[in-house]
**Student:** 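I'd like to ask you about the structure that follows.
Note that the numbering runs from 1 along the sequence shown for the chain.
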Amino acid sequence: MGGKAVELDAGGRAVRLSSADKVVFPERGFTKLDVARYFLAVGDGIVRALRDRPTALQRFPDGVAGEFFYQKRVPKNHPDWIPTATIAFPSGRTADEMCPTEIAAVIWAAQYNTLTFHPWPVRRADLDHPDELRIDLDPQPGTDYADAVRVAHELRALLDEYGIQGWPKTSGGRGLHVFVPIEPRWDFTGVRRAAIACGRELERRMPDAVTTAWWKEERGERIFVDYNQTARDRTIASAYSVRPRPNASVSAPLCWDEVDDAVPEDFDIATMPERFARVGDVHADMEKQAFSLEPLLELAARDERDHGMGDLPYPPEYPKMPGEPKRVQPSRARHEK
């Protein structure tokens, strides 16, 4: 079945949207056109979050009630005005990913039923040195957004002690992401090391509230600092991305003084355009900053030297990494002894 097609003006480019009346969010009745119009309404914000970054697309051909898949390789028929970059995965394989530079690229992706954009923390001019440290505060079962908020405030204080500033956003679910613009001087391993040091310091300060335990059986009812989100080819949903939840929530950039009172589910494709029209992109000034990771890497070195705290496990699909501890679930390791 065809459905109606419309042509949208996306920053001066005409982008065709087929089956525009196709329902993507059944509970709320939002259509493919509603999603595209949402992206247009927050255009400056989402382009800022994606600009020049290799980006994977999370696509929902049958709406959020159906199956989805991640598209890392840009389709061969992509317009020549969308730049690409060849990124290397940990396996050694490569792929050409799109690197959006304008809102028309976002709308073009929406035509392919993309809801969530997953940008790398690098720019296409330098694919091996991240310019963002992304800290993912992930509530474990028994915890919620309010718990993530308490940890986020301690994280803010910790970063401030080291002369570093972070920008918070909702994940679109129960969690919080804090993004730190950094000088692109360190490789993925170095940035991950800084994230681990950050997580461990939070763990020391809030032992009953924070964990860096990779194995779920060890996390308890705490906020997990997901340090592996900084590993190569691991990405976090961009600011303004739509999340595949029944209410069509979005990942909402916040000011620090909004974090306490924010209700993540209040930010959706219907409410966010009004907020954006009123306050704009509250993370717009993030690109004007670039912080050094040296203070956090010094903290990592102290952890290693004084506490014998080395690396932590990588995700299962990674090759064995130098200095990585045994990648075996603790309960299984005990059983095998």
Side-chain angles (χ1 to χ4, degrees), residues 6 8 10 17 19-50 55-68 70 100 103 106-107 109-119 136-139 144-149 152 167-179 235-284:
V6 299
L8 297 175
L17 205 69
S19 303
D21 53 357
K22 177 179 173 181
V23 174
V24 180
F25 290 91
E27 279 196 21
R28 301 196 59 188
F30 293 139
T31 64
K32 187 173 174 179
L33 180 58
D34 292 325
V35 171
R37 284 177 171 156
Y38 158 73
F39 284 133
L40 288 172
V42 298
D44 288 348
I46 194 162
V47 171
R48 189 266 312 155
L50 301 178
T55 300
L57 311 177
Q58 191 175 357
R59 293 174 53 186
F60 296 79
D62 300 309
V64 294
E67 299 292 315
F68 70 89
Y70 292 94
I103 188 57
V106 175
I107 304 306
Q111 152 64 9
Y112 288 94
N113 304 292
T114 300
L115 295 180
T116 310
F117 293 83
H118 293 267
D136 181 4
L137 303 178
D138 184 9
D144 58 19
Y145 175 77
D147 298 299
V149 166
W167 277 255
K169 70 182 185 71
T170 67
S171 66
R174 296 180 304 134
L176 274 168
H177 302 150
V178 178
F179 281 19
T235 53
I236 290 178
S238 77
Y240 303 102
S241 272
V242 183
R243 306 316 307 270
R245 295 176 174 268
N247 69 324
S249 61
V250 304
S251 179
L254 300 173
C255 299
W256 278 108
D257 61 7
E258 297 179 298
V259 168
D260 284 354
D261 297 327
V263 180
E265 50 268 30
D266 284 352
F267 303 104
D268 61 37
I269 69 169
T271 60
M272 199 66 180
E274 182 279 326
R275 170 180 165 83
F276 196 88
R278 185 166 37 86
V279 301
D281 178 17
V282 297
H283 287 189

**Student:** Evaluate side-chain contact (heavy atoms from CB on, under 4.5 Å) for Thr271 paired with Asp266, printing each intermediate quantity in order.
**Tutor:** CA-CA 7 Å; Thr271 60; Asp266 284 352; 5.6 Å; no
**Student:** Hey, could you give me the CZ/OG1 distance between Arg243 and Thr116, rounded to the nearest 0.5 Å?
**Tutor:** 5.0 Å
**Student:** Where is the tightest heavy-atom contact between Ala20 and Val6, given as atom of each residue plus distance?
**Tutor:**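 Heavy atoms of Ala20 and Val6 come nearest at CB-CG2, 3.8 Å.
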**Student:** Give me the atom names and distance for the closest heavy-atom approach of Gly175 to Pro139.
**Tutor:**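 Heavy-atom minimum between the residues: CA-CD, 3.5 Å.
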**Student:** Under a 3.5 Å distance rule, please check whether Arg28 uses its side chain to pair with a backbone N or O of Asn247 as donor and acceptor.
**Tutor:** yes
**Student:** Check whether any side-chain heavy atom of Leu33 lies under 4.5 Å from a side-chain heavy atom of Asp21, and answer yes or no.
**Tutor:** no
**Student:** Distance check, rounded to the nearest 0.5 Å: Phe117 atom CZ versus Leu50 atom CG?
**Tutor:** 6.5 Å
**Student:** Indicate the ring-plane relationship of Tyr70 and Phe68, choosing parallel, tilted or perpendicular according to the 30° and 60° boundaries.
**Tutor:**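 If you compare the ring of Tyr70 with that of Phe68, the planes turn out perpendicular.
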**Student:** Return the minimal non-hydrogen interatomic distance between Ala109 and Thr114, and the atom names on each side.
**Tutor:**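 Heavy atoms of Ala109 and Thr114 come nearest at O-OG1, 2.9 Å.
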**Student:** Determine, stepwise, if the pair Gln111 / Lys32 fulfils side-chain contact (heavy atoms from CB on, under 4.5 Å).
**Tutor:** CA-CA 8 Å; Gln111 152 64 9; Lys32 187 173 174 179; 3.2 Å; yes
**Student:** Quick one: do Leu176 and Val149 satisfy side-chain contact (heavy atoms from CB on, under 4.5 Å)? Show the steps, please.
**Tutor:** CA-CA 7 Å; Leu176 274 168; Val149 166; 3.9 Å; yes
**Student:** Nearest 0.5 angstrom please: Lys22 NZ to Asp34 CG, how far?
**Tutor:**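 The distance works out to 14.0 Å.
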**Student:** Check the pair Thr31, Arg37 against side-chain contact (heavy atoms from CB on, under 4.5 Å), reporting the backbone distance first and the verdict last.
**Tutor:** CA-CA 10 Å; Thr31 64; Arg37 284 177 171 156; over 6 Å; no
**Student:** I'd like to know if Glu258 pairs up with Arg275 as an ion pair, taking the criterion as any Lys NZ or Arg NE/NH1/NH2 lying under 4.0 Å from an Asp or Glu carboxylate oxygen.
**Tutor:**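 Here Glu258 pairs with Arg275 in a salt bridge, since their nearest N and O are under 4.0 Å apart.
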**Student:** Mind checking what makes side-chain hydrogen bond (donor to acceptor under 3.5 Å, both in side chains) contact with Ser241, not counting sequence neighbours?
**Tutor:** Ser238
**Student:** Could you check whether Tyr38 and Asp268, counting side-chain N and O atoms only, form a donor-acceptor pair closer than 3.5 Å?
**Tutor:** no
**Student:** Look only at the side chain of His283 and the backbone of Lys169, and say whether a donor-acceptor pair between them is shorter than 3.5 Å.
**Tutor:** no
**Student:** Work out which heavy atom in Pro168 is nearest to a heavy atom in Val259; give both atom names and the distance.
**Tutor:**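 Taking Pro168 first and Val259 second, the nearest heavy atoms are CG-CG2, 3.8 Å.
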**Student:** Identify the two heavy atoms, one from Ala41 and one from Pro273, that lie closest to each other, and give their separation to 0.1 Å.
**Tutor:** CB-CB, 3.6 Å
**Student:** What pairs with Phe267 under ring pair (Phe, Tyr, Trp, His ring centres under 6.0 Å), at least two apart in sequence or on another chain?
**Tutor:**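 Partners of Phe267 under the ring pair (Phe, Tyr, Trp, His ring centres under 6.0 Å) test: none.
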**Student:** Please step through ring pair (Phe, Tyr, Trp, His ring centres under 6.0 Å) for the pair Tyr240 and Phe276, ending with a clear verdict.
**Tutor:** CA-CA 10 Å; Tyr240 303 102; Phe276 196 88; 5.6 Å; yes
**Student:** Roughly how far, to the nearest 0.5 Å, is the CD1 atom of Ile269 from the CZ atom of Phe30?
**Tutor:** 4.5 Å
**Student:** Are the side chains of Leu57 and Tyr112 in contact, using a 4.5 Å heavy-atom criterion?
**Tutor:** no
**Student:** Taking Ser251 for its side chain and Thr170 for its backbone only, find out whether a donor-acceptor pair lies under 3.5 Å.
**Tutor:**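 Such a contact is found between Ser251 side chain and Thr170 backbone.
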**Student:** Between Asp147 and Asp144, is there a donor-acceptor pair closer than 3.5 Å when you use the side chain of the first and the backbone of the second?
**Tutor:**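 Checking the backbone N and O of Asp144 against the side chain of Asp147, a donor-acceptor pair under 3.5 Å is found.
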**Student:** Are any non-hydrogen side-chain atoms of Leu254 and Trp167 less than 4.5 angstrom apart?
**Tutor:** no
**Student:** What distance separates Ser171 OG from Asp136 CG, expressed to the nearest 0.5 Å?
**Tutor:** 7.5 Å
**Student:** Do Pro253 and Met272 have side-chain heavy atoms sitting under 4.5 Å apart?
**Tutor:** yes
**Student:** Nearest 0.5 Å, what's the CG-CZ distance between Asn113 and Arg59?
**Tutor:**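 One gets 6.5 Å once the value is rounded to the nearest 0.5 Å.
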**Student:** Considering residues, nucleotides and ligands other than Glu67, do more than 12 of their heavy atoms fall under 6.0 Å from its CD?
**Tutor:** no
**Student:** Where is the tightest heavy-atom contact between Ile103 and Ala10, given as atom of each residue plus distance?
**Tutor:** CG2-C, 3.7 Å
